[in-house]
K.L.:
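Here it is, the structure, as structure tokens.
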Amino acid sequence: MSHGLNSAQSEAVRYLDGPCLVLAGAGSGKTRVITQKIAHLIEDKGFEPRHIAAVTFTNKAAKEMQERIGKLMEGKTTREGKRIPLRQLTVCTFHSLGVQILRMEAEHVGLKPQFSIMDSDDCFGLIQEQLGTTDKKLIRGVQSTISLWKNGMVDPEAAIAQAAVSGNADEHQAALVYRNYVATLNAYQAVDFDDLIRLPAELFARNEAVQLKWQNRLRYFLVDEYQDTNACQYQLLKLLAGGSHLRAPAFTAVGDDDQAIYGWRGATLDNLRGLQTDFPDLKVIKLEQNYRSTVRILEAANAVIANNPKLFDKKLWSEHGMGDPIAIHPMNDEEHEAESVVFRLSAHKFERRAQFRDYAILYRGNHQARLFEQILRRERIPYVLSGGQSFFDKAEIKDICAYLRLIANPDDDPAFIRAITTPRRGVGNTTLEVLGTFAGQAKVSLFEAAMMGGIEGKLQPRQLEPLRVFCESMVRLADRAAKDPATEVLDDLMAGIHYEAYLYDSFDERQAQSRWTNTLEFLEWLKRKGTKPEAAEGEEATGYDNADGFGSEGKNLLELTQTVALMSMLEGREEDPDAVRLSTLHASKGLEYPHVFLVGVEEGILPHCREDDDMTDEKIEEERRLMYVGITRAQRSLQISWCKKRKRARETYSCQPSRFIGEMKLEEAPAPKDETPAMSPKDRLGALKALLGGPGKTAAG
DNA sequence: GAAAATAGCTTTTTT
DNA sequence: AGCTATTTTC
């Protein structure tokens, strides 16, 4: 049987008698448990892969899980000696699962199957229009309020009522925008990311036949990072896997309450609490053996998190040695900190004969990376910056996506506006305003309005002409999108809009070139997706088998378009340069590094707080978990630094070390004294470089 | 008066 | 690094 598992892991893998919660401490092998459990279900329990779903939060996590299952099951066969159809396994994000459900059940939620998915920029635009302001702070505030309402399953009427009770004017305004926003999305036959979870959940709650159909299809559920679920996601899980009068609950949730750091986007630990009350016979299994860090690091982590109220009692332990003492470095200011960290990193690497990739510098806010980047670059130390905005957020990709969305769904007004104005084709604001008014009165989409009789009278022929030309070409493309191979239709689309010329017209050489390269890369990727008969090993396997309309070979453009919004191009470019990692604490979750520098650990930064908002206990607790996540990223060594002073605007502020440093309860002697101002940090770097015999490699990124 | 340059400021991030 | 607000310059 599954060997190489400790007893708790093995119990978690084998327990199938009811709902199961696995509390997996940092570095305790949670992915291992999930993948082994899937293997166990298939190999030992005779589950068909198509009846199992493993749900994650990110594409990256889904992909990783997929690869690990693939490796685990390699060459294995069913009891009957047949190949295991792993492709039919559902391993995907919550959102991807939601889309699959919605595409199939669209009619039940008042959508056509080709509904569009609005990204957060589109939604931002909608709210901006509703609000009639350009104040980005305000718009973003309303956007996040609406998102929190949606994820909390509060509908617009409830939000309005709630606001009326509280008497909060801002909240009332947001609630009114919320109502219009929902109506607008509906008119566009579009959904936002939150709807992808909310709508299926609501559908299952009110339509038992559909619910049973999906319960029958997905018979066992595994949820990764359960502590990050929001109310909607929990609802969806309960409705699918929580059992019914026909069936017992069948799921395993894997998570760690101590690593819940996404409260600010709607995740709630209530879901962890709720699990025990909603499922009284819940089996709780704790994974407390850590395979990652030294004893000193774990003890510090345990000591910090002990200050949070406990949901479940849990204490990590390790069979590794004590390891190096944890060093605390007080620094004069942020420059001193950056210089010192880079110096210590270089020296440490030299002493340990380690590689750059063994090091990570972790911080609370993105902007903190700036100084470190500067100095790493100066010292020619290679580094990679985690995160960065995704490929799909780039304007050029969104431009092309707008065309695809419009082809699939002519009601998608935002896509219509973006496509018809990029590149410019003689349709300007005045034309669009007239069209918009007309469409509003006729209660039709912009596209439909442009093609309708009656608009002729409102527009001059030279305004109407390009409008009609555009629409007709879109109609032609849409026609072909449903039948012709995606590759051909894409080529024709691109030829028709002269996108490359537009880029070189509107941007300088460098910009245009980079944008065009991205565009081509995106097109290539689309075409691969469109022509590849069945995704290759380790690729997107979110699909079901052919009978259900997903995962069939040679998708046409229409089918492709419908999945694009959620996809990310994780494949291929898996280069792993030997470079120091710079990452926010949030982005570092789930990763591990031999040597970690945790920087800027000061009051106000690590328990982050802004001047005008008061720090509730809950906020401090989430910050503490963030500290816990940071500490537990380290395998062998951990160095923490904080600045006595920090520059802001023209002034320097003095700072206090974070309360979390004290909470680590370090008994060791304080850090090796680094305060030797006989040599400036810069000189020391120079000395070190001389010692190492020349500069390192060039910086990456 | 409008465009260009510069100074200041950042919570965290995914789908 | 990117975005906004403000100042500088023509």
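In what follows, every chain begins at residue 1, and chains take the letters A, B, ... in the order their sequences are listed.
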K.L.:
Applying a 4.0 Å non-hydrogen cut-off, can you work out what A:N366 is touching in the nucleic acid: base, sugar-phosphate, or nothing?
P.N.:
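Here A:N366 touches the backbone only, sparing every base.
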K.L.:
Ring centres within less than 5.5 Å and planes less than 30° apart: is that true of A:H367 and B:dT10 in this structure?
P.N.:
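Yes; by the centre-distance and plane-angle rule, A:H367 counts as stacking on B:dT10.
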K.L.:
Considering residues at least two apart in sequence or located in another chain, which fulfil the side chain to side chain contact (heavy atoms under 4.5 Å, CB included) criterion with A:C123?
P.N.:
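Partners of A:C123 under the side chain to side chain contact (heavy atoms under 4.5 Å, CB included) test: A:M118, A:Q143, A:Y181, A:D192.
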K.L.:
What integer distance in Å separates A:L598:CG from B:dT12:P?
P.N.:
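After rounding, the gap between these two atoms is 15 Å.
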K.L.:
Apply side chain to side chain contact (heavy atoms under 4.5 Å, CB included) to A:N186 and list each qualifying residue two or more places apart in sequence or on a separate chain.
P.N.:
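If we apply the side chain to side chain contact (heavy atoms under 4.5 Å, CB included) test to A:N186, skipping adjacent residues, there are no hits.
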K.L.:
With sequence neighbours excluded, tell me which residues meet salt bridge (Lys or Arg N to Asp or Glu O under 4.0 Å) with A:D119.
P.N.:
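By the salt bridge (Lys or Arg N to Asp or Glu O under 4.0 Å) rule, A:D119 matches A:K398.
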K.L.:
A:Y262: what forms a ring-ring contact (aromatic ring centres under 6.0 Å, His included) with it, not counting sequence neighbours?
P.N.:
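Once residues adjacent in sequence are excluded, the partners of A:Y262 under the ring-ring contact (aromatic ring centres under 6.0 Å, His included) criterion are A:W264, A:H586.
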K.L.:
Tell me whether A:R633 forms a cation-pi arrangement with A:Y628, defined as NZ or CZ under 6.0 Å from the six-membered ring centre and within 45 degrees of its axis.
P.N.:
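So A:R633 doesn't make the cation-pi contact.
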K.L.:
Just compare B:dT11, B:dT12, B:dT14 and give me whichever is closest to any side-chain atom of A:H608.
P.N.:
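The answer is B:dT11.
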K.L.:
Which nucleotide in the set C:dA1, B:dT15, B:dT13 lies at the smallest distance from any side-chain heavy atom of A:R377?
P.N.:
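Side chain of A:R377 sits closest to C:dA1.
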K.L.:
Can you check the A:R140 CZ to B:dT10 C1' distance for me, whole Å?
P.N.:
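About 10 Å, once rounded to whole Å.
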K.L.:
Restricting to side chain to side chain contact (heavy atoms under 4.5 Å, CB included), what partner residues turn up for A:A54, sequence neighbours left out?
P.N.:
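For A:A54 the side chain to side chain contact (heavy atoms under 4.5 Å, CB included) partners, ignoring immediate neighbours, are A:I38, A:M65, A:V91, A:L222.
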K.L.:
What residue pairs, at least two apart or across chains, pass salt bridge (Lys or Arg N to Asp or Glu O under 4.0 Å) with a residue in residues 127-144 of chain A?
P.N.:
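Applying salt bridge (Lys or Arg N to Asp or Glu O under 4.0 Å) to every pair that reaches into residues 127-144 of chain A, excluding sequence neighbours, yields nothing.
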K.L.:
What are the residues of residues 188-200 of chain A, sorted by number, that bring a heavy atom to within less than 4.0 Å of DNA chain B?
P.N.:
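Contacting residues: A:F193.
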K.L.:
Can you name the residues that form a salt bridge (Lys or Arg N to Asp or Glu O under 4.0 Å) with A:D256, not counting sequence neighbours?
P.N.:
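Applying salt bridge (Lys or Arg N to Asp or Glu O under 4.0 Å) to A:D256 gives A:K314.
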K.L.:
Mind checking salt bridge (Lys or Arg N to Asp or Glu O under 4.0 Å) for A:E105 and listing every partner two or more places apart, or none if nothing turns up?
P.N.:
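If we apply the salt bridge (Lys or Arg N to Asp or Glu O under 4.0 Å) test to A:E105, skipping adjacent residues, the hits are A:K213.
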K.L.:
Check side chain to side chain contact (heavy atoms under 4.5 Å, CB included) between A:A205 and all other residues, then give those that pass, not counting sequence neighbours.
P.N.:
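For A:A205, the residues satisfying side chain to side chain contact (heavy atoms under 4.5 Å, CB included) (neighbours in sequence not counted) are A:L239.
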K.L.:
Show the distances under 3.5 angstrom between N or O atoms of the protein and N or O atoms of nucleotides 4-7 of chain C.
P.N.:
from	atom 1	to	atom 2	distance (Å)
C:dT4	OP1	A:K136	NZ	2.7

K.L.:
Once you round it to whole Å, what is the distance between P of B:dT12 and CG of A:L385?
P.N.:
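Nearest whole value for this atom pair: 12 Å.
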K.L.:
Which dot-bracket notation, 5' to 3', represents the base pairing of DNA chain B when pairs are defined as Watson-Crick or G-U with both distances under 3.5 Å, crossing pairs as [ ], and inter-strand pairs as |?
P.N.:
||||||||||.....
K.L.:
What do you reckon, do A:W264 and the base of B:dT12 stack, with centroid distance below 5.5 Å and planes below 30°?
P.N.:
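A:W264 vs B:dT12: stacking yes.
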